[in-house]
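Just below is one structure, and these are the notes that go with it.
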Amino acid sequence: MAESKRLPVSLIRLHGNEIITYILQNRNLVKSEVVMIGDRKHDMIGAKNNGIDSIGAEYGHGSDGELLRENCTYYIKKIEDILSIVY
């Protein structure tokens with residue numbers, strides 16, 4: 001039987017930064033192959049604190065100023081723009 005990819009319910013109480021840390025540590029991921037895609041400053045802060053790249057998504061809930069102030073690695077205006085970054 002395949003291993004479940006679901007995260008423990010206890011993670012619901014963690015903040016973004018802690019969730020990223022947990023996933024990196026427990027999924028044996030290589031930081032240089034991981035990117036955080038988010039629409040709020042907390043997503044960018046979590047990525048920065050964990051040493052991974054970030055993509056700030058203008059089409060979400062945050063504002064462009066909020067994302068750019070947190071120095072996201074990349075900034076996109078529409079979801080299709082992700083393709084030019086990850087490929």
Side-chain angles (χ1 to χ4, degrees):
M1 178 176 256
E3 177 187 350
S4 172
K5 298 295 183 187
R6 299 185 106 168
L7 298 175
V9 175
S10 60
L11 286 180
I12 293 171
R13 291 182 176 77
L14 297 179
H15 296 282
N17 184 54
E18 296 165 321
I19 292 172
I20 295 169
T21 301
Y22 176 88
I23 292 170
L24 289 170
Q25 291 174 347
N26 291 281
R27 298 292 187 217
N28 298 317
L29 300 173
V30 178
K31 288 184 179 185
S32 62
E33 297 176 358
V34 175
V35 63
M36 172 65 186
I37 302 170
D39 62 353
R40 300 304 309 260
K41 70 178 183 178
H42 304 292
D43 302 324
M44 305 305 108
I45 293 168
K48 188 183 319 177
N49 288 345
N50 281 281
I52 62 173
D53 285 343
S54 60
I55 299 175
E58 179 186 84
Y59 57 84
H61 295 287
S63 67
D64 56 349
E66 174 183 356
L67 297 169
L68 294 172
R69 274 192 300 277
E70 295 306 327
N71 297 311
C72 53
T73 311
Y74 304 96
Y75 181 77
I76 60 172
K77 294 184 180 249
K78 55 189 186 308
I79 196 164
E80 296 85 9
D81 296 338
I82 292 172
L83 297 175
S84 65
I85 296 169
V86 298
Y87 288 110

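Only this structure's heavy atoms are used, side chains among them; waters, hydrogens and symmetry mates stay out. Count residues from 1 along the sequence.
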Student check: side-chain heavy atoms of Lys48 and Glu70 closer than 4.5 Å: yes
Measure the CG-CD1 distance between Leu29 and Ile23 for me, rounded to the nearest 0.5 Å. 8.0 Å
N/O donor-acceptor pair under 3.5 Å between Asp81 side chain and Lys78 backbone: yes
CG of Asp43 to CD1 of Ile20: how many Å apart, nearest 0.5 Å? 7.0 Å
Is there a side-chain contact between Thr73 and Val35 (heavy atoms, below 4.5 Å)? no
Which atom pair, heavy atoms only, marks the closest approach of Ala47 to Met36? CB-CB, 3.7 Å
Is a donor on one side and an acceptor on the other found under 3.5 Å between the side chain of Asn50 and the backbone of Asn17? yes
Looking at every non-hydrogen atom in both residues, tell me the closest pair between Tyr75 and Glu58 and how far apart they are. OH-OE2, 2.9 Å
Nearest-0.5 Å distance that lies between atom CD in Glu66 and atom NZ in Lys41: 6.5 Å
With rounding to the nearest 0.5 angstrom, report the CD1 to CD1 distance, Ile76 to Ile85. 5.5 Å
Does CG belonging to Leu68 count more than 12 external heavy atoms closer than 6.0 Å? yes
May I ask you to test the Leu24-Ile52 pair for a side-chain heavy-atom distance under 4.5 Å? yes
Give the minimum heavy-atom separation between Met44 and Cys72, together with the two atoms involved. SD-CB, 3.3 Å
